[in-house]
2 protein chains.
Amino acid sequence: MTPSQRLDATFAALADPTRRAILARLALGNASVAELTQPFAMSQPAISKHLKVLEHAGLISTAQDAQRRPRKIEGVRLGEATAWLEEYRQFWERRYSALDELLDELQANPPKSKRKRH
Amino acid sequence: MTPSQRLDATFAALADPTRRAILARLALGNASVAELTQPFAMSQPAISKHLKVLEHAGLISTAQDAQRRPRKIEGVRLGEATAWLEEYRQFWERRYSALDELLDELQANPPKSKRKRH
DNA sequence: TGGGGACATAACCATATGGTTATGGTAACC
DNA sequence: GGTTACCATAACCATATGGTTATGTCCCCA
């Protein structure tokens with residue numbers, strides 16, 4: 001899987017409130033499928049599907065404890081996604097400056113003499 | 001739109017390589033639809049659809065310059081997404097420690113005397 | 001004033017997504 | 001050894017997504 005495909009899978013996995021809530025639960029400690037299903041008004045197979053999406057994205061991993069398959073949060077992909085976002089922070093923080101606002105304005109409406117405005 | 005729905009829209013918008021490339025281009029400066037279409041082997045309406053997704057997520061905004069509709073990157077939602085990810089960093093960084101690894105192991109296989117392993 | 005460039009929108013299509021119910025496997029327990 | 005708890009998988013369905021081509025609208029310019 002290429003880095004771009006990893007970001008695809010990571011952001012897609014994060015784009016669902018149920019999956020984000022599952023990650024929030026797992027951030028507090030490992031949990032079985034039954035424990036993860038309990039808070040939601042949703043069937044167990046639906047949660048299993050969400051877990052498969054999260055695992056495919058590398059955001060969680062599965063262990064084994066008798067019949068249980070406790071899930072564990074994995075930080076690497078979250079780190080990659082954060083790094084991607086951080087890379088853009090410098091750009092859009094720059095674009096908040098008054099100078100950049102002015103440049104944007106000039107770009108949209110160059111002060112050529114007698115330029116029609118509409 | 002609730003904060004959760006904003007995160008849904010933001011992460012979903014970021015889960016596509018074309019849209020991330022568009023953001024990368026816009027991070028360098030505003031650009032028209034034609035300019036944004038040029039690098040891609042894709043029709044202009046397809047790019048317009050991606051732009052609509054990005055704008056619905058609040059990641060970009062549209063200005064007007066005669067027939068052009070130059071797009072501009074907007075940082076607020078990127079910041080919200082980053083903040084969400086950062087909030088989890090502390091948790092998954094904790095889980096990398098040797099102590100947590102040990103606790104995970106004990107959680108999976110409690111050292112009760114003569115416990116069957118399978 | 002009409003032609004063309006820039007862009008949006010509509011209609012359509014294939015595939016992906018997110019849920020359901022039904023069913024099957026495996027391990028613990030009585 | 002039969003039952004029960006835990007979980008996965010399959011089959012199915014409705015809607016969303018990501019692309020296409022066709023067409024319409026607006027605005028500059030000759």
Side-chain angles (χ1 to χ4, degrees), chain A residues 4-5 8-22 26 30-57 59-72 107-110 112 114-118, chain B residues 4-5 8-22 26 30-57 59-72 107-110 112 114-118:
Chain A
S4 177
Q5 289 172 329
D8 289 357
T10 300
F11 284 129
L14 294 177
D16 182 282
T18 302
R19 289 195 290 265
R20 288 197 303 276
I22 289 174
L26 290 177
N30 301 354
S32 69
V33 175
E35 287 169 340
L36 292 172
T37 301
Q38 188 271 327
F40 300 100
M42 200 179 298
S43 67
Q44 170 261 314
I47 299 295
S48 284
K49 276 195 175 186
H50 283 305
L51 293 174
K52 184 165 266 186
V53 172
L54 287 168
E55 186 157 15
H56 175 254
L59 290 166
I60 64 174
S61 61
T62 304
Q64 180 129 15
D65 171 28
Q67 321 98 310
R68 320 260 165 68
R69 311 288 158 81
R71 298 318 206 275
K72 178 186 171 183
Q107 181 181 342
N109 298 308
K112 299 226 171 113
K114 287 188 262 154
R115 185 177 181 276
K116 274 244 197 75
R117 291 304 291 268
H118 58 284
Chain B
S4 177
Q5 289 171 328
D8 288 358
T10 300
F11 284 128
L14 294 177
D16 182 282
T18 301
R19 288 193 291 265
R20 288 197 305 276
I22 288 174
L26 290 176
N30 302 353
S32 69
V33 175
E35 288 168 339
L36 292 172
T37 302
Q38 188 271 325
F40 298 101
M42 201 179 297
S43 67
Q44 170 262 314
I47 299 296
S48 282
K49 275 195 176 186
H50 283 304
L51 293 174
K52 184 165 264 185
V53 172
L54 287 167
E55 186 157 16
H56 175 254
L59 290 166
I60 65 174
S61 62
T62 303
Q64 180 129 13
D65 170 29
Q67 322 97 309
R68 320 259 165 69
R69 311 288 158 80
R71 299 317 205 276
K72 177 185 172 182
Q107 181 181 343
N109 298 308
K112 297 224 172 117
K114 288 192 257 147
R115 186 177 180 276
K116 272 246 198 74
R117 294 301 294 266
H118 61 286

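All heavy atoms count here, side chains included; hydrogens, waters and symmetry mates do not. Lettering of chains follows the sequences in order, A, B, ..., and the numbering in each one begins at 1.
- Of the two residues near DNA chain C, B/Arg68 and A/His50, the one whose nearest nucleotide lies more 5' is B/Arg68.
- Atom CD1 of B/Ile22 and atom P of D/dG19 are 9 Å apart (whole Å).
- The side chain to side chain contact (heavy atoms under 4.5 Å, CB included) search around A/Ser48 returns A/Val33, A/Gln44, not counting sequence neighbours.
- For the pair A/Arg69 CZ and D/dA8 P, the computed distance is 6 Å after rounding to whole Å.
- If you take CZ of B/Phe11 and C1' of C/dT17, they are 18 Å apart, rounded to a whole angstrom.
- Scored by the salt bridge (Lys or Arg N to Asp or Glu O under 4.0 Å) test, B/Asp8 finds A/Arg20 as partners (sequence neighbours excluded).
- Remark: P of D/dA16 and CG of B/Asp8 are 14 Å apart, rounded to the nearest angstrom.
- Put simply, NZ on B/Lys52 is 16 Å from P on D/dG19, counting in whole angstrom units.
- Remark: P of C/dA16 and CD of A/Gln5 are 14 Å apart, rounded to the nearest angstrom.
- Across every non-hydrogen atom of B/Leu59 and B/Ala13, the tightest pair is CD1-CB, 3.7 Å.
- Considering only side-chain atoms of A/Asp16, the nucleotide from C/dG18, C/dA8, C/dA28 that sits closest is C/dG18.
- The side chain of B/Ser48 contributes an N or O atom lying less than 4.0 Å from OP1 or OP2 of C/dA8.
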What does the list of N/O pairs under 3.5 Å between the protein and nucleotides 20-24 of chain D look like, with a distance for each?
| unit_1 | atom_1 | unit_2 | atom_2 | d |
| --- | --- | --- | --- | --- |
| D/dT20 | OP2 | B/Ser43 | N | 3.1 |
| D/dT20 | OP2 | B/Ser43 | OG | 2.6 |

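- Here the side chains of A/Leu26 and A/Lys72 are not in contact, with every heavy-atom distance at 4.5 Å or above.
- Looking at B/Glu35, its side chain does come within 3.5 Å of a backbone N or O of B/Ser32 through a donor-acceptor pair.
- As a whole-Å value, the separation of A/Asp65 CG from C/dT26 P is 17 Å.
- Taking the side chain as every heavy atom from C-beta outward, B/Arg71 and B/Leu36 approach each other to under 4.5 Å.
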Polar atoms only, N or O, under 3.5 Å: list the protein pairs with nucleotides 1-4 of chain C and their distances.
none

List, one per line, each side-chain donor-acceptor pair under 3.5 Å for residues 49-56 of chain B, sequence neighbours excluded.
| unit_1 | atom_1 | unit_2 | atom_2 | d |
| --- | --- | --- | --- | --- |
| B/His50 | ND1 | B/Arg19 | NH1 | 3.1 |
| B/Glu55 | OE1 | B/Thr62 | OG1 | 2.9 |
| B/Glu55 | OE2 | B/Thr62 | OG1 | 3.1 |

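- Here C/dA27 presents its P atom at 7 Å from CD of A/Gln64, a figure rounded to the nearest Å.
- With sequence neighbours left out, the side chain to side chain contact (heavy atoms under 4.5 Å, CB included) criterion links B/Ala21 to B/Phe40.
- Across A/Pro17 and B/Ser4, no two heavy atoms sit closer than the pair CB-OG, 3.7 Å.
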